[in-house]
Amino acid sequence: MLATGGTIAGAGRPRPAHGYRSGIFSIASLIAAAPGIESLARLDSANVASIGSQDMGESVWRALARRAEEALSEAEVAGVVVTHGTDTMEETAYFLNLVVRSPKPVVLVGAMRPATAMSADGPMNLYNAVATAAHPEAGGRGVLVVANDEIHFAREVAKTNTTQVGTFRSTHRGLAGLVSAGRIHFYGMPVRRHTLASEFHVPARRPLPRVDIVYAHAGMGRELIDAAVRGGARGIVIAGVGNGNLGAAALAAAGAAARAGVAVVRSSRTGGGIVERNVEMDDDRLGFIAADELNPQKARILLMLGLTRTADPVLLQGMFYAY
Ligand code: GLU
């Protein structure tokens, strides 16, 4: 178990109340709050960070990838569980899904209610995550996210609600499975490349290429796209309106960015559906990349890793169809 903080380790007032701080409790006290968890597996734990996942980023991602690979290379280790805040869990999960080289399971788990809350969801989520990671059929499915009795694929899952315990959803291709009080029911396998079949790895010391996300809206100007280019972005993900669209002023800026060698990926702010090439925008002429099913924050992860291999929009587009 690798702990990073989050609400699952958060402390607040025991009565229904809003204020709390993420990442207060140690991993040992989270384990102690899930009776019977030790009978599922022999647990070794380490603290990698103590943060709310709004502060998650490249340095913790690197540490997690390295620690997970080290642990999974040991013959007696069946799988790794990562405790994590829910805000950016989907980004960490997808990042690890693309860089961890192992057929063994990596399972991310969090909670929507702090550990001190009435009906805290952390202990059961943690119990179910350990049961999932220890299950003999959990391998080969890429990185998984366990919450609210559901098992999600890293590529599919998204946080969709600010406070509800059922916040995680996999709207496109569905769930990896269900887990009820530690009993696992796996469904299909993931459809896209991951982990062992991935071409990506974390570059040793160099920072990942900078990729910014720009959110589109009615009446959008060109200023934020120009600012991203001036600020040194090597890639820009557009959270476009509808099918990844941009109004004329912003489109002119995005076209200029692509001509200057910045990778421009069109995703969507709608939260669902496929962004296809050449629908209302001439991607072939403009040199844009369509995000396919990836939401903007996951498109950013893939583009950062893709840009470590190539800046060619045709090859990058192939990655968006492969991962
Ligand atoms: N901002 C916190 C985090 O992501 C709260 C969300 C949570 O963990 O549920 O760590």
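In each ligand, atom 1 is the first atom listed, and ligand 1 is the first ligand listed. The figures that follow rest on heavy atoms only: side chains count, while hydrogens, waters and symmetry mates do not. FYI, the numbering just counts along the sequence from 1.
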I'd like the atom pairs linking ligand 1 to the protein - N or O on both sides, separation under 3.5 Å - with distances to 0.1 Å.
{"from": "ligand 1", "atom 1": "1 (N)", "to": "Q54", "atom 2": "OE1", "distance (Å)": "2.7"}
{"from": "ligand 1", "atom 1": "1 (N)", "to": "D87", "atom 2": "OD2", "distance (Å)": "2.6"}
{"from": "ligand 1", "atom 1": "4 (O)", "to": "S53", "atom 2": "N", "distance (Å)": "3.4"}
{"from": "ligand 1", "atom 1": "4 (O)", "to": "S53", "atom 2": "OG", "distance (Å)": "2.5"}
{"from": "ligand 1", "atom 1": "4 (O)", "to": "T86", "atom 2": "N", "distance (Å)": "3.3"}
{"from": "ligand 1", "atom 1": "4 (O)", "to": "D87", "atom 2": "N", "distance (Å)": "3.0"}
{"from": "ligand 1", "atom 1": "4 (O)", "to": "D87", "atom 2": "OD2", "distance (Å)": "3.4"}
{"from": "ligand 1", "atom 1": "8 (O)", "to": "T7", "atom 2": "N", "distance (Å)": "2.9"}
{"from": "ligand 1", "atom 1": "8 (O)", "to": "T7", "atom 2": "OG1", "distance (Å)": "2.8"}
{"from": "ligand 1", "atom 1": "8 (O)", "to": "T86", "atom 2": "N", "distance (Å)": "2.9"}
{"from": "ligand 1", "atom 1": "9 (O)", "to": "T7", "atom 2": "OG1", "distance (Å)": "3.1"}
{"from": "ligand 1", "atom 1": "9 (O)", "to": "T86", "atom 2": "OG1", "distance (Å)": "2.5"}
{"from": "ligand 1", "atom 1": "9 (O)", "to": "A111", "atom 2": "O", "distance (Å)": "2.7"}
{"from": "ligand 1", "atom 1": "10 (O)", "to": "S53", "atom 2": "N", "distance (Å)": "2.7"}

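If you look at F153 and H194, their ring centroids are not closer than 6.0 Å.
To the nearest 0.5 angstrom, M112 atom CE is 7.5 Å from D87 atom CG. With rounding to the nearest 0.5 Å, the separation of CG in N295 from CZ in R300 is 12.0 Å.
Note on R173 versus E293: salt bridge recorded, some NZ/NE/NH1/NH2 to OD/OE distance being below 4.0 Å.
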Task: Working for side-chain hydrogen bond (donor to acceptor under 3.5 Å, both in side chains), residues D121 and N148 - done: CA-CA 8 Å; D121 51 334; N148 199 36; over 6 Å; no
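Relative ring orientation between F200 and Y323 is described as tilted, the plane-to-plane angle lying within the 30° to 60° band.
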